Amino acid sequence: GESVGLHLPTLSVQEGDNSIINCAYSNSASDYFIWYKQESGKGPQFIIDIRSNMDKRQGQRVTVLLNKTVKHLSLQIAATQPGDSAVYFCAENRRTGGFKTIFGAGTRLFVKA
Amino acid sequence: DAGVIQSPRHEVTEMGQEVTLRCKPISGHDYLFWYRQTMMRGLELLIYFNNNVPIDDSGMPEDRFSAKMPNASFSTLKIQPSEPRDSAVYFCASSLSRTSGSHEQFFGPGTRLTVL
């Protein structure tokens, strides 16, 4: 079936280190892939997106990599800070038949001080 | 803008009662989404609207769930009758259509529903 999933449900990193959160997807028809961050008690918040015809996109302290050959998406956070502790979701936008976003299961990131 | 506004923030009700969740999207946004989040099933899209018209309601669990958007600034999600398995956090989100871009969604703070 079609799904967006995550390799690691929990990731623990030391403050100041780089974090890498991974995601696998199975549907090749999506036109955008997106990363959202959800802090405790809040709704998800957009971080960065990447179009399906790109392989890399950089933002402030974050980089998203897309490997369409193996259907893999990753989010890299540089110099991880305590405020980065949250659950991170990868998601894909599917334009077929409308506009729909499918979210993955999520990875919890713990940042140790 | 105050962002997406949802009410109530918390709702505790008894099985069989009607529950109505409310959402005010960001002004000017033309897409509105209702999601449900649970530990077991994650974040699920229930229904979404474009220009107040329901486009895809395939995620609505069953006939007990209904959603309306009478105007561009207000939407409701109703559960009647409610059941304990409906307990979850319900999020509303809105977005603005563009000719390009991923249509970033802006989420509200959610309504935590507990059905006893």
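Chain A is the first sequence line, chain B the second, and so forth, proteins listed ahead of strands; every chain is numbered from 1. Model, not experiment: these values are computed from the prediction.
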For residues F91(B) and Q38(A), determine if any side-chain heavy atom of one lies less than 4.5 Å from a side-chain heavy atom of the other. yes
So, the part of Y35(B) with a heavy atom under 4.5 Å from chain A: the answer is side chain
With rounding to the nearest 0.5 Å, note down the distance linking CZ in F46(A) to CZ in F107(B). 11.5 Å
For R9(B), is it the side chain, the backbone, both or neither that has a heavy atom under 4.5 Å from a heavy atom of chain A? side chain
Are L43(B) and L46(B) linked, directly or through intermediate hydrophobic residues, by side-chain heavy-atom contacts shorter than 4.5 Å (ILVMFWY only)? no
More than 12 heavy atoms of other residues, nucleotides or ligands under 6.0 Å from CZ of R112(B): is that the case? no
Does CD in E39(A) sit with more than 12 non-hydrogen atoms of other residues, nucleotides or ligands closer than 6.0 Å? yes
As an exercise, state the distance from CD1 of I47(A) to CD of E104(B), rounded to the nearest 0.5 Å. 10.5 Å
Can you hop from F33(B) to F49(B) via hydrophobic side chains spaced under 4.5 Å? no
Answer yes or no: are there more than 12 heavy-atom neighbours, outside Q14(A) itself, under 6.0 Å from its atom CD? yes
Taking NZ in K42(A) as the centre, count heavy atoms belonging to other residues, nucleotides or ligands within less than 6.0 Å. Is the count above 12? no
Could you tell me whether the side chain of Y36(A) and the main chain of Q105(B) form a donor-acceptor pair under 3.5 Å? yes
Bottom line for Q37(B): the part with an atom under 4.5 Å from chain A's heavy atoms is side chain
